[in-house]
Number of protein chains: 2
Amino acid sequence: MAGQVQRQTGVALWRQIAERIRQAISAGTYDETGMVPPETVLAAQFGVNRHTVRSALAALAQEGIVRAVQGRGTLIERKERLNFPISKRTRFNSGIGDQARETRGLLLGHDEESADDEVARWLKLKPGEIVIRLETVRKADGRPVSSATSWFPAERFAGMPEAYQKTESITRAFAELGLSDYVRATTEITAAHAEAADLMALELTPGAIVLITKAMNTDLDGVPVQYSVTRFAADRVQFTIEN
Amino acid sequence: MAGQVQRQTGVALWRQIAERIRQAISAGTYDETGMVPPETVLAAQFGVNRHTVRSALAALAQEGIVRAVQGRGTLIERKERLNFPISKRTRFNSGIGDQARETRGLLLGHDEESADDEVARWLKLKPGEIVIRLETVRKADGRPVSSATSWFPAERFAGMPEAYQKTESITRAFAELGLSDYVRATTEITAAHAEAADLMALELTPGAIVLITKAMNTDLDGVPVQYSVTRFAADRVQFTIEN
DNA sequence: TTTAAATGTCTATTGATATAGACAACCATA
DNA sequence: TATGGTTGTCTATATCAATAGACATTTAAA
(Lines give C-alpha, C1' and ligand atoms only; values in the text may rest on other atoms or scores of the structure.)
Protein backbone atom coordinates (compact mmCIF):
# COMPACT_ATOMS: atom_id res chain seq x y z
CA MET A 1 0.00 0.00 0.00
CA ALA A 2 2.93 2.27 0.65
CA GLY A 3 3.92 2.48 -2.96
CA GLN A 4 6.69 4.64 -4.20
CA VAL A 5 6.70 8.16 -5.45
CA GLN A 6 8.71 9.00 -8.55
CA ARG A 7 11.62 11.36 -8.61
CA GLN A 8 12.87 13.61 -11.40
CA THR A 9 9.66 13.42 -13.38
CA GLY A 10 8.72 17.07 -13.47
CA VAL A 11 6.06 16.49 -10.84
CA ALA A 12 7.17 17.53 -7.37
CA LEU A 13 7.11 14.84 -4.69
CA TRP A 14 4.81 16.86 -2.44
CA ARG A 15 2.27 17.05 -5.26
CA GLN A 16 2.38 13.31 -5.94
CA ILE A 17 1.96 12.63 -2.23
CA ALA A 18 -0.93 15.08 -1.95
CA GLU A 19 -2.65 13.23 -4.76
CA ARG A 20 -2.10 9.86 -3.09
CA ILE A 21 -3.45 11.08 0.23
CA ARG A 22 -6.41 12.70 -1.49
CA GLN A 23 -7.31 9.40 -3.10
CA ALA A 24 -6.83 7.47 0.13
CA ILE A 25 -9.22 9.88 1.85
CA SER A 26 -11.72 9.51 -0.97
CA ALA A 27 -11.45 5.71 -0.81
CA GLY A 28 -12.19 5.77 2.90
CA THR A 29 -8.80 4.41 3.94
CA TYR A 30 -8.71 6.61 7.03
CA ASP A 31 -12.39 6.42 7.96
CA GLU A 32 -11.77 4.62 11.25
CA THR A 33 -9.93 7.51 12.82
CA GLY A 34 -11.19 10.35 10.67
CA MET A 35 -7.60 11.50 10.59
CA VAL A 36 -4.63 11.24 8.26
CA PRO A 37 -1.73 9.22 9.74
CA PRO A 38 0.95 11.27 11.55
CA GLU A 39 3.43 13.11 9.36
CA THR A 40 6.32 10.90 10.46
CA VAL A 41 4.37 7.77 9.51
CA LEU A 42 3.44 9.14 6.10
CA ALA A 43 7.04 10.21 5.52
CA ALA A 44 8.19 6.66 6.24
CA GLN A 45 5.47 5.15 4.02
CA PHE A 46 6.36 7.30 1.05
CA GLY A 47 10.07 7.21 1.71
CA VAL A 48 10.49 10.98 1.90
CA ASN A 49 11.37 13.62 4.46
CA ARG A 50 8.71 14.79 6.88
CA HIS A 51 8.94 18.31 5.44
CA THR A 52 7.90 16.98 2.05
CA VAL A 53 4.82 15.39 3.58
CA ARG A 54 4.05 18.67 5.29
CA SER A 55 4.07 20.43 1.91
CA ALA A 56 1.55 17.89 0.63
CA LEU A 57 -0.71 18.28 3.65
CA ALA A 58 -0.47 22.06 3.43
CA ALA A 59 -1.78 21.86 -0.13
CA LEU A 60 -4.69 19.67 0.95
CA ALA A 61 -5.41 22.00 3.87
CA GLN A 62 -5.46 24.91 1.43
CA GLU A 63 -8.22 23.10 -0.45
CA GLY A 64 -10.14 22.50 2.75
CA ILE A 65 -9.80 18.74 2.53
CA VAL A 66 -7.87 18.35 5.78
CA ARG A 67 -7.18 20.54 8.82
CA ALA A 68 -4.06 20.17 10.96
CA VAL A 69 -4.42 20.61 14.73
CA GLN A 70 -1.22 21.02 16.64
CA GLY A 71 -0.77 18.32 19.24
CA ARG A 72 -3.59 16.13 17.92
CA GLY A 73 -3.12 15.36 14.25
CA THR A 74 -4.50 16.16 10.82
CA LEU A 75 -8.27 15.84 10.59
CA ILE A 76 -10.21 14.97 7.45
CA GLU A 77 -12.75 17.66 6.62
CA ARG A 78 -14.30 16.45 3.37
CA LYS A 79 -14.28 13.23 1.40
CA GLU A 80 -17.31 13.27 -0.88
CA ARG A 81 -17.31 12.82 -4.62
CA LEU A 82 -20.48 13.71 -6.55
CA ASN A 83 -21.96 11.11 -8.86
CA PHE A 84 -23.39 12.16 -12.22
CA PRO A 85 -25.68 9.72 -13.97
CA ILE A 86 -25.40 10.07 -17.76
CA SER A 87 -28.40 8.87 -19.71
CA LYS A 88 -31.12 10.03 -22.06
CA ARG A 89 -32.40 12.10 -19.17
CA THR A 90 -29.13 13.62 -18.04
CA ARG A 91 -29.69 16.81 -16.08
CA PHE A 92 -27.34 18.51 -13.70
CA ASN A 93 -29.70 19.35 -10.88
CA SER A 94 -31.86 16.24 -10.68
CA GLY A 95 -28.75 14.13 -11.30
CA ILE A 96 -27.19 15.53 -8.18
CA GLY A 97 -30.36 14.59 -6.37
CA ASP A 98 -29.86 14.59 -2.62
CA GLN A 99 -26.07 14.41 -2.87
CA ALA A 100 -25.84 18.10 -2.10
CA ARG A 101 -27.99 20.37 -0.01
CA GLU A 102 -27.89 23.23 -2.48
CA THR A 103 -27.04 23.59 -6.15
CA ARG A 104 -26.64 26.81 -8.09
CA GLY A 105 -26.01 27.70 -11.69
CA LEU A 106 -24.19 30.98 -12.23
CA LEU A 107 -24.18 32.83 -15.53
CA LEU A 108 -20.68 34.23 -16.08
CA GLY A 109 -21.33 35.69 -19.51
CA HIS A 110 -23.13 35.26 -22.79
CA ASP A 111 -22.92 36.38 -26.38
CA GLU A 112 -24.39 35.97 -29.82
CA GLU A 113 -21.98 34.71 -32.41
CA SER A 114 -21.86 32.85 -35.69
CA ALA A 115 -21.34 29.12 -35.31
CA ASP A 116 -17.87 27.80 -36.04
CA ASP A 117 -17.42 24.44 -37.74
CA GLU A 118 -17.55 22.38 -34.55
CA VAL A 119 -20.66 24.04 -33.13
CA ALA A 120 -22.41 23.96 -36.49
CA ARG A 121 -21.70 20.27 -36.88
CA TRP A 122 -23.11 19.37 -33.46
CA LEU A 123 -26.17 21.59 -33.74
CA LYS A 124 -26.69 20.60 -37.38
CA LEU A 125 -26.58 24.20 -38.52
CA LYS A 126 -24.75 25.77 -41.43
CA PRO A 127 -21.42 27.30 -40.39
CA GLY A 128 -22.03 30.98 -39.81
CA GLU A 129 -25.59 30.68 -38.54
CA ILE A 130 -26.20 32.66 -35.38
CA VAL A 131 -25.98 30.89 -32.03
CA ILE A 132 -26.19 32.00 -28.41
CA ARG A 133 -23.21 31.13 -26.24
CA LEU A 134 -23.56 30.79 -22.46
CA GLU A 135 -20.66 30.61 -20.01
CA THR A 136 -21.79 29.07 -16.74
CA VAL A 137 -20.42 27.62 -13.54
CA ARG A 138 -22.39 25.12 -11.49
CA LYS A 139 -21.89 24.76 -7.77
CA ALA A 140 -22.99 22.22 -5.19
CA ASP A 141 -23.01 23.40 -1.60
CA GLY A 142 -20.95 26.40 -2.61
CA ARG A 143 -18.14 24.37 -4.23
CA PRO A 144 -17.68 24.77 -7.96
CA VAL A 145 -18.22 21.43 -9.69
CA SER A 146 -18.19 22.26 -13.36
CA SER A 147 -17.82 25.11 -15.79
CA ALA A 148 -19.63 24.93 -19.10
CA THR A 149 -19.79 26.67 -22.43
CA SER A 150 -23.13 26.00 -24.12
CA TRP A 151 -24.44 26.93 -27.54
CA PHE A 152 -28.09 27.23 -28.56
CA PRO A 153 -29.71 28.05 -31.92
CA ALA A 154 -30.29 31.79 -31.57
CA GLU A 155 -33.53 31.95 -33.49
CA ARG A 156 -35.33 29.41 -31.34
CA PHE A 157 -33.92 30.32 -27.91
CA ALA A 158 -33.46 34.08 -28.05
CA GLY A 159 -34.21 34.65 -24.36
CA MET A 160 -31.82 31.97 -23.08
CA PRO A 161 -29.38 34.16 -21.11
CA GLU A 162 -32.14 35.90 -19.18
CA ALA A 163 -34.05 32.67 -18.59
CA TYR A 164 -30.93 30.94 -17.28
CA GLN A 165 -29.99 33.82 -15.04
CA LYS A 166 -33.49 33.79 -13.58
CA THR A 167 -33.91 30.04 -13.14
CA GLU A 168 -30.24 28.99 -12.64
CA SER A 169 -31.01 25.82 -14.56
CA ILE A 170 -30.90 24.79 -18.21
CA THR A 171 -33.94 22.56 -17.78
CA ARG A 172 -36.05 25.33 -16.27
CA ALA A 173 -34.74 27.87 -18.75
CA PHE A 174 -35.80 25.60 -21.63
CA ALA A 175 -39.22 25.27 -19.98
CA GLU A 176 -39.61 29.05 -19.81
CA LEU A 177 -38.82 29.23 -23.51
CA GLY A 178 -41.47 26.67 -24.38
CA LEU A 179 -39.36 23.50 -24.53
CA SER A 180 -40.87 21.28 -21.87
CA ASP A 181 -38.69 18.22 -22.47
CA TYR A 182 -35.41 17.24 -24.10
CA VAL A 183 -33.07 14.25 -24.24
CA ARG A 184 -29.33 13.73 -24.19
CA ALA A 185 -28.26 12.44 -27.60
CA THR A 186 -24.50 12.13 -27.34
CA THR A 187 -21.80 12.56 -24.71
CA GLU A 188 -18.05 12.48 -25.32
CA ILE A 189 -15.71 12.22 -22.37
CA THR A 190 -12.00 12.99 -22.15
CA ALA A 191 -9.60 14.03 -19.41
CA ALA A 192 -6.81 16.60 -19.33
CA HIS A 193 -4.77 18.70 -16.97
CA ALA A 194 -6.48 21.83 -15.73
CA GLU A 195 -5.74 25.01 -17.67
CA ALA A 196 -5.45 28.48 -16.23
CA ALA A 197 -9.13 29.20 -16.83
CA ASP A 198 -10.08 25.99 -15.00
CA LEU A 199 -8.02 26.94 -11.97
CA MET A 200 -10.02 30.15 -11.65
CA ALA A 201 -13.47 28.85 -12.49
CA LEU A 202 -13.27 25.61 -10.51
CA GLU A 203 -10.97 26.83 -7.73
CA LEU A 204 -8.38 24.16 -8.51
CA THR A 205 -4.64 23.98 -8.01
CA PRO A 206 -2.31 23.58 -10.98
CA GLY A 207 -1.76 19.99 -12.06
CA ALA A 208 -5.32 19.08 -11.14
CA ILE A 209 -7.34 16.97 -13.55
CA VAL A 210 -10.47 18.02 -15.38
CA LEU A 211 -12.98 15.66 -16.95
CA ILE A 212 -14.27 17.18 -20.17
CA THR A 213 -17.62 16.29 -21.68
CA LYS A 214 -18.95 17.37 -25.04
CA ALA A 215 -22.68 16.79 -25.06
CA MET A 216 -25.59 17.38 -27.40
CA ASN A 217 -29.24 17.55 -26.38
CA THR A 218 -32.19 17.31 -28.74
CA ASP A 219 -35.88 17.94 -28.44
CA LEU A 220 -38.25 14.99 -28.65
CA ASP A 221 -38.21 15.24 -32.44
CA GLY A 222 -34.46 14.75 -32.51
CA VAL A 223 -33.68 18.37 -33.41
CA PRO A 224 -30.50 19.60 -31.63
CA VAL A 225 -31.28 22.25 -29.02
CA GLN A 226 -27.99 22.52 -27.13
CA TYR A 227 -24.29 21.71 -27.50
CA SER A 228 -22.11 22.01 -24.41
CA VAL A 229 -18.47 21.62 -23.52
CA THR A 230 -18.32 21.07 -19.76
CA ARG A 231 -15.22 20.84 -17.60
CA PHE A 232 -15.56 19.02 -14.25
CA ALA A 233 -13.13 19.02 -11.33
CA ALA A 234 -12.14 15.36 -11.59
CA ASP A 235 -11.54 14.84 -7.89
CA ARG A 236 -15.05 16.00 -7.06
CA VAL A 237 -17.11 13.91 -9.47
CA GLN A 238 -17.61 10.58 -11.12
CA PHE A 239 -19.89 9.66 -14.00
CA THR A 240 -22.22 6.70 -14.15
CA ILE A 241 -23.60 5.35 -17.41
CA GLU A 242 -26.63 3.10 -16.98
CA ASN A 243 -27.75 1.17 -20.02
CA MET B 1 -3.92 30.79 -27.05
CA ALA B 2 -0.42 31.48 -25.84
CA GLY B 3 1.01 31.79 -22.36
CA GLN B 4 -0.52 30.56 -19.12
CA VAL B 5 1.99 28.21 -17.68
CA GLN B 6 2.00 28.27 -13.90
CA ARG B 7 5.07 28.58 -11.76
CA GLN B 8 5.76 27.17 -8.31
CA THR B 9 2.92 24.70 -8.46
CA GLY B 10 4.84 21.47 -8.02
CA VAL B 11 4.45 20.73 -11.71
CA ALA B 12 7.56 21.59 -13.72
CA LEU B 13 7.11 24.06 -16.55
CA TRP B 14 8.50 21.64 -19.12
CA ARG B 15 5.83 19.13 -18.11
CA GLN B 16 3.01 21.65 -18.39
CA ILE B 17 4.29 22.73 -21.79
CA ALA B 18 4.59 19.13 -22.98
CA GLU B 19 0.96 18.63 -22.03
CA ARG B 20 -0.14 21.74 -23.90
CA ILE B 21 1.76 20.76 -27.04
CA ARG B 22 0.38 17.24 -26.81
CA GLN B 23 -3.14 18.60 -26.76
CA ALA B 24 -2.48 21.02 -29.59
CA ILE B 25 -1.19 18.13 -31.69
CA SER B 26 -4.23 16.06 -30.81
CA ALA B 27 -6.55 18.95 -31.67
CA GLY B 28 -4.95 19.26 -35.09
CA THR B 29 -3.54 22.73 -34.46
CA TYR B 30 -0.38 21.94 -36.42
CA ASP B 31 -1.95 19.82 -39.15
CA GLU B 32 -1.08 22.26 -41.93
CA THR B 33 2.64 21.84 -41.55
CA GLY B 34 2.77 18.48 -39.80
CA MET B 35 5.36 20.07 -37.56
CA VAL B 36 5.49 21.70 -34.16
CA PRO B 37 6.43 25.41 -34.31
CA PRO B 38 10.15 26.18 -33.88
CA GLU B 39 11.51 26.05 -30.35
CA THR B 40 12.13 29.78 -30.27
CA VAL B 41 8.53 30.47 -31.26
CA LEU B 42 7.15 28.10 -28.63
CA ALA B 43 9.43 29.62 -26.02
CA ALA B 44 8.05 33.07 -26.82
CA GLN B 45 4.45 31.80 -26.82
CA PHE B 46 4.76 30.20 -23.40
CA GLY B 47 6.99 32.91 -22.01
CA VAL B 48 9.83 30.56 -21.05
CA ASN B 49 13.39 29.87 -22.06
CA ARG B 50 14.10 27.84 -25.15
CA HIS B 51 15.80 25.16 -23.03
CA THR B 52 12.56 24.62 -21.13
CA VAL B 53 10.70 24.04 -24.38
CA ARG B 54 13.40 21.61 -25.40
CA SER B 55 12.81 19.60 -22.24
CA ALA B 56 9.13 19.40 -23.10
CA LEU B 57 9.82 18.33 -26.68
CA ALA B 58 12.36 15.78 -25.47
CA ALA B 59 9.66 14.20 -23.31
CA LEU B 60 7.25 14.04 -26.25
CA ALA B 61 9.99 12.60 -28.45
CA GLN B 62 10.62 9.95 -25.79
CA GLU B 63 6.97 8.94 -26.15
CA GLY B 64 7.28 8.81 -29.91
CA ILE B 65 4.81 11.64 -30.45
CA VAL B 66 7.28 13.97 -32.19
CA ARG B 67 10.70 13.57 -33.77
CA ALA B 68 13.20 16.42 -33.98
CA VAL B 69 15.30 16.74 -37.12
CA GLN B 70 18.24 19.08 -36.93
CA GLY B 71 18.01 21.86 -39.47
CA ARG B 72 14.39 21.14 -40.36
CA GLY B 73 12.21 21.19 -37.30
CA THR B 74 10.21 18.93 -35.02
CA LEU B 75 7.92 16.57 -36.89
CA ILE B 76 4.67 15.16 -35.57
CA GLU B 77 4.76 11.38 -35.59
CA ARG B 78 1.40 10.46 -34.04
CA LYS B 79 -1.76 12.37 -33.23
CA GLU B 80 -4.55 9.86 -32.93
CA ARG B 81 -6.82 9.44 -29.97
CA LEU B 82 -8.90 6.26 -29.95
CA ASN B 83 -12.64 6.64 -29.51
CA PHE B 84 -14.51 4.16 -27.32
CA PRO B 85 -18.27 4.01 -27.76
CA ILE B 86 -19.94 3.05 -24.49
CA SER B 87 -23.35 1.47 -24.86
CA LYS B 88 -25.27 -1.72 -24.19
CA ARG B 89 -22.99 -3.35 -26.73
CA THR B 90 -19.69 -2.00 -25.47
CA ARG B 91 -16.80 -4.20 -26.57
CA PHE B 92 -13.17 -3.30 -26.83
CA ASN B 93 -12.31 -4.77 -30.19
CA SER B 94 -15.38 -3.96 -32.24
CA GLY B 95 -15.49 -0.54 -30.55
CA ILE B 96 -12.05 0.21 -31.88
CA GLY B 97 -13.31 -0.78 -35.30
CA ASP B 98 -11.01 0.44 -38.03
CA GLN B 99 -9.29 3.01 -35.81
CA ALA B 100 -6.32 0.71 -35.39
CA ARG B 101 -4.79 -1.81 -37.72
CA GLU B 102 -4.20 -4.38 -35.00
CA THR B 103 -5.53 -4.95 -31.50
CA ARG B 104 -4.26 -7.44 -28.98
CA GLY B 105 -5.31 -8.51 -25.51
CA LEU B 106 -2.50 -9.80 -23.32
CA LEU B 107 -3.09 -11.88 -20.22
CA LEU B 108 -0.65 -10.71 -17.55
CA GLY B 109 -1.91 -12.98 -14.81
CA HIS B 110 -4.91 -14.65 -13.26
CA ASP B 111 -6.04 -16.16 -10.00
CA GLU B 112 -8.95 -17.68 -8.15
CA GLU B 113 -9.95 -15.79 -5.03
CA SER B 114 -12.89 -15.18 -2.77
CA ALA B 115 -14.88 -12.07 -3.68
CA ASP B 116 -14.33 -9.02 -1.51
CA ASP B 117 -17.25 -6.72 -0.69
CA GLU B 118 -16.92 -4.57 -3.81
CA VAL B 119 -16.67 -7.46 -6.25
CA ALA B 120 -19.46 -9.38 -4.54
CA ARG B 121 -21.74 -6.35 -4.70
CA TRP B 122 -21.19 -5.82 -8.43
CA LEU B 123 -21.47 -9.49 -9.36
CA LYS B 124 -24.40 -10.00 -6.96
CA LEU B 125 -22.58 -12.77 -5.14
CA LYS B 126 -22.19 -13.37 -1.43
CA PRO B 127 -18.88 -12.03 -0.07
CA GLY B 128 -16.49 -14.94 0.00
CA GLU B 129 -17.82 -16.77 -3.04
CA ILE B 130 -15.09 -17.82 -5.44
CA VAL B 131 -14.31 -15.61 -8.44
CA ILE B 132 -11.72 -15.68 -11.18
CA ARG B 133 -9.56 -12.57 -11.51
CA LEU B 134 -7.89 -11.67 -14.81
CA GLU B 135 -5.17 -9.04 -15.24
CA THR B 136 -5.00 -7.91 -18.85
CA VAL B 137 -3.49 -5.21 -21.01
CA ARG B 138 -5.03 -4.24 -24.31
CA LYS B 139 -2.99 -2.78 -27.11
CA ALA B 140 -3.83 -1.09 -30.38
CA ASP B 141 -1.11 -1.09 -33.00
CA GLY B 142 1.38 -2.11 -30.35
CA ARG B 143 0.63 0.77 -27.99
CA PRO B 144 -0.92 -0.08 -24.65
CA VAL B 145 -4.33 1.54 -24.36
CA SER B 146 -5.78 0.14 -21.18
CA SER B 147 -5.03 -2.24 -18.36
CA ALA B 148 -7.90 -4.08 -16.74
CA THR B 149 -8.65 -6.22 -13.74
CA SER B 150 -11.74 -8.36 -14.38
CA TRP B 151 -13.67 -10.70 -12.11
CA PHE B 152 -15.92 -13.54 -13.24
CA PRO B 153 -18.05 -16.00 -11.24
CA ALA B 154 -15.70 -18.99 -10.95
CA GLU B 155 -18.33 -21.68 -11.18
CA ARG B 156 -19.78 -20.53 -14.48
CA PHE B 157 -16.56 -19.43 -16.23
CA ALA B 158 -13.93 -21.83 -14.98
CA GLY B 159 -11.93 -21.87 -18.21
CA MET B 160 -11.75 -18.09 -18.56
CA PRO B 161 -7.96 -17.57 -18.30
CA GLU B 162 -7.18 -20.17 -20.94
CA ALA B 163 -9.99 -18.99 -23.21
CA TYR B 164 -8.79 -15.39 -22.97
CA GLN B 165 -5.18 -16.29 -23.58
CA LYS B 166 -6.21 -18.21 -26.67
CA THR B 167 -8.67 -15.70 -28.13
CA GLU B 168 -7.17 -12.44 -26.77
CA SER B 169 -10.71 -11.11 -26.40
CA ILE B 170 -13.34 -11.18 -23.66
CA THR B 171 -16.13 -11.47 -26.19
CA ARG B 172 -14.57 -14.47 -27.91
CA ALA B 173 -13.59 -16.05 -24.59
CA PHE B 174 -17.20 -15.80 -23.42
CA ALA B 175 -18.28 -17.43 -26.69
CA GLU B 176 -15.89 -20.33 -26.14
CA LEU B 177 -17.41 -20.83 -22.70
CA GLY B 178 -20.94 -20.96 -24.07
CA LEU B 179 -22.01 -17.34 -23.54
CA SER B 180 -22.81 -16.10 -27.02
CA ASP B 181 -24.00 -12.62 -26.06
CA TYR B 182 -23.86 -10.17 -23.17
CA VAL B 183 -24.68 -6.51 -22.49
CA ARG B 184 -23.06 -3.67 -20.63
CA ALA B 185 -25.22 -2.87 -17.60
CA THR B 186 -23.34 -0.08 -15.81
CA THR B 187 -20.22 2.00 -16.35
CA GLU B 188 -18.68 4.37 -13.82
CA ILE B 189 -16.00 6.80 -14.97
CA THR B 190 -13.46 8.75 -12.94
CA ALA B 191 -10.04 10.23 -13.58
CA ALA B 192 -6.84 10.26 -11.53
CA HIS B 193 -3.12 10.66 -11.83
CA ALA B 194 -1.27 7.58 -13.00
CA GLU B 195 0.14 5.36 -10.27
CA ALA B 196 3.39 3.43 -10.43
CA ALA B 197 1.62 0.33 -11.78
CA ASP B 198 0.00 2.42 -14.55
CA LEU B 199 3.36 3.80 -15.64
CA MET B 200 4.61 0.29 -16.22
CA ALA B 201 1.50 -1.27 -17.73
CA LEU B 202 0.55 1.64 -19.99
CA GLU B 203 4.06 2.94 -20.68
CA LEU B 204 3.21 6.36 -19.29
CA THR B 205 5.30 9.08 -17.72
CA PRO B 206 4.63 10.22 -14.15
CA GLY B 207 1.97 12.88 -13.85
CA ALA B 208 0.01 11.39 -16.73
CA ILE B 209 -3.73 11.00 -16.39
CA VAL B 210 -5.66 7.74 -16.36
CA LEU B 211 -9.37 7.42 -17.02
CA ILE B 212 -10.80 4.71 -14.79
CA THR B 213 -13.96 2.79 -15.61
CA LYS B 214 -15.76 0.33 -13.39
CA ALA B 215 -18.08 -1.69 -15.55
CA MET B 216 -20.48 -4.60 -15.13
CA ASN B 217 -21.69 -6.86 -17.91
CA THR B 218 -24.67 -9.18 -17.67
CA ASP B 219 -26.00 -12.01 -19.80
CA LEU B 220 -29.27 -11.49 -21.63
CA ASP B 221 -31.18 -12.55 -18.50
CA GLY B 222 -29.59 -9.75 -16.50
CA VAL B 223 -27.29 -12.03 -14.51
CA PRO B 224 -23.88 -10.42 -13.91
CA VAL B 225 -21.10 -12.19 -15.79
CA GLN B 226 -18.19 -9.77 -15.44
CA TYR B 227 -17.02 -6.86 -13.31
CA SER B 228 -13.99 -4.90 -14.52
CA VAL B 229 -11.89 -2.01 -13.33
CA THR B 230 -10.12 -0.63 -16.39
CA ARG B 231 -7.48 2.08 -16.50
CA PHE B 232 -7.04 3.94 -19.80
CA ALA B 233 -4.19 6.24 -20.83
CA ALA B 234 -6.23 9.44 -20.95
CA ASP B 235 -4.25 11.07 -23.73
CA ARG B 236 -4.85 8.12 -26.03
CA VAL B 237 -8.60 7.69 -25.72
CA GLN B 238 -11.95 9.35 -25.46
CA PHE B 239 -15.31 7.85 -24.60
CA THR B 240 -18.54 8.40 -26.45
CA ILE B 241 -21.91 7.68 -24.91
CA GLU B 242 -24.73 7.39 -27.43
CA ASN B 243 -28.25 7.33 -26.08
C1' DT C 1 27.51 28.10 -52.94
C1' DT C 2 25.83 31.09 -49.76
C1' DT C 3 22.46 32.13 -46.38
C1' DA C 4 18.65 31.81 -43.16
C1' DA C 5 16.42 29.00 -40.11
C1' DA C 6 16.22 25.32 -37.42
C1' DT C 7 17.97 21.86 -33.81
C1' DG C 8 22.15 20.26 -30.84
C1' DT C 9 25.56 21.13 -27.20
C1' DC C 10 28.09 23.49 -23.79
C1' DT C 11 28.97 26.62 -19.59
C1' DA C 12 27.36 29.44 -15.85
C1' DT C 13 23.98 31.17 -12.62
C1' DT C 14 19.63 31.60 -10.06
C1' DG C 15 15.54 29.92 -7.81
C1' DA C 16 12.55 26.05 -6.36
C1' DT C 17 12.42 21.43 -4.36
C1' DA C 18 13.95 18.04 -1.01
C1' DT C 19 16.73 16.42 2.83
C1' DA C 20 18.52 16.66 7.59
C1' DG C 21 18.39 17.77 12.29
C1' DA C 22 16.96 20.27 16.33
C1' DC C 23 13.69 22.10 19.19
C1' DA C 24 9.30 24.64 20.46
C1' DA C 25 4.27 24.40 21.15
C1' DC C 26 0.29 21.97 21.93
C1' DC C 27 -2.99 18.09 23.16
C1' DA C 28 -4.71 13.96 25.42
C1' DT C 29 -4.26 10.95 29.02
C1' DA C 30 -2.14 8.11 32.48
C1' DT D 1 1.03 17.17 36.51
C1' DA D 2 4.19 14.54 34.02
C1' DT D 3 4.71 12.17 29.66
C1' DG D 4 4.42 10.63 24.90
C1' DG D 5 2.86 11.79 20.65
C1' DT D 6 1.77 15.19 17.50
C1' DT D 7 2.15 19.57 14.62
C1' DG D 8 4.88 24.14 14.02
C1' DT D 9 9.20 26.61 13.11
C1' DC D 10 13.90 27.39 12.30
C1' DT D 11 18.65 26.70 10.09
C1' DA D 12 21.66 24.52 6.80
C1' DT D 13 22.77 21.92 2.73
C1' DA D 14 22.25 19.31 -1.62
C1' DT D 15 19.87 18.49 -5.89
C1' DC D 16 16.66 19.60 -9.58
C1' DA D 17 14.38 23.06 -12.60
C1' DA D 18 14.82 27.16 -15.23
C1' DT D 19 17.22 31.07 -17.22
C1' DA D 20 20.88 33.13 -20.05
C1' DG D 21 24.10 33.31 -23.65
C1' DA D 22 27.24 31.51 -27.06
C1' DC D 23 28.26 28.72 -30.76
C1' DA D 24 28.19 24.28 -33.56
C1' DT D 25 25.65 21.46 -36.88
C1' DT D 26 22.27 20.40 -40.21
C1' DT D 27 18.72 21.39 -43.72
C1' DA D 28 16.30 23.79 -47.36
C1' DA D 29 16.01 27.43 -50.25
C1' DA D 30 17.75 31.63 -52.38
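Chain letters run A, B, ... following the sequence lines, proteins first, then strands; residues in each count from 1.
- Following rounding to the nearest Å, Glu39(A) (CD) and dC27(C) (P) show an atom-to-atom distance of 16 Å.
- One interatomic measurement links the two molecules: CD1 of Ile17(B) to P of dA17(D), which rounds to 14 Å at whole-angstrom precision.
- The listed nucleotides are dA20(D), dA18(D), dT19(C); the one nearest the side chain of Ala12(B) is dA18(D).
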Can you give each donor-acceptor pair under 3.5 Å made by side-chain atoms of residues 50-59 of chain A, sequence neighbours left out, with the distance rounded to 0.1 Å?
{"residue": "Arg50(A)", "atom": "NE", "partner": "Glu39(A)", "partner atom": "OE1", "Å": "2.8"}
{"residue": "Arg50(A)", "atom": "NH2", "partner": "Glu39(A)", "partner atom": "OE1", "Å": "3.1"}
{"residue": "Arg54(A)", "atom": "NH1", "partner": "Glu39(A)", "partner atom": "OE1", "Å": "3.4"}
{"residue": "Arg54(A)", "atom": "NH1", "partner": "Glu39(A)", "partner atom": "OE2", "Å": "3.0"}
{"residue": "Ser55(A)", "atom": "OG", "partner": "His51(A)", "partner atom": "O", "Å": "3.3"}

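- At least one side-chain heavy atom of Thr240(B) sits less than 4.5 Å from a side-chain heavy atom of Thr186(A).
- Listed candidates were dT7(D), dT19(C), dT7(C). Nearest to the side chain of Asn49(A) is dT19(C).
- Within the 4.5 Å cutoff, side-chain heavy atoms of Arg236(A) are placed close to those of Pro144(A).
- Taking every side-chain heavy atom of Arg54(B) into account, dT9(C) is the closest of dT9(C), dA18(D), dT19(C).
- Distances shown here put a side-chain N or O of Thr74(B) below 4.0 Å from the OP1 or OP2 atom of dT7(C).
- With sequence neighbours left out, Glu203(A) forms a salt bridge (Lys or Arg N to Asp or Glu O under 4.0 Å) with no residue at all.
- Side-chain proximity of Trp14(A) to the nucleotides dT17(C), dG8(C), dA17(D) is greatest for dT17(C).
- Residues that satisfy the side-chain contact (heavy atoms from CB on, under 4.5 Å) test with Met200(B), not counting sequence neighbours, are absent from this structure.
- The interatomic distance linking Arg15(A) (CZ) with dA18(C) (P) rounds to 11 Å, in whole Å.
- In this entry the distance linking CG of Leu13(B) with C1' of dT17(C) reads 13 Å, nearest Å.
- The side chain of Thr52(A) contributes an N or O atom lying less than 4.0 Å from OP1 or OP2 of dT19(C).
- The side chain of Ser55(B) contributes no N or O atom lying less than 4.0 Å from OP1 or OP2 of dA17(D).
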Checklist entry - What one-letter contact string describes nucleotides 22-30 of chain D from 5' to 3', where B marks a base within less than 4.0 Å of any protein heavy atom, S marks contact via sugar-phosphate atoms alone, and - marks no contact? => result ---BBBS--

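- Take Tyr227(B) and apply the ring pair (Phe, Tyr, Trp, His ring centres under 6.0 Å) test, not counting sequence neighbours, and it matches Trp122(B), Trp151(B).
- Checked against salt bridge (Lys or Arg N to Asp or Glu O under 4.0 Å), Asp117(A) has no partners two or more places apart in sequence or in another chain.
- Whole-Å rounding puts the Met35(B) CE to dA5(C) C1' distance at 10 Å.
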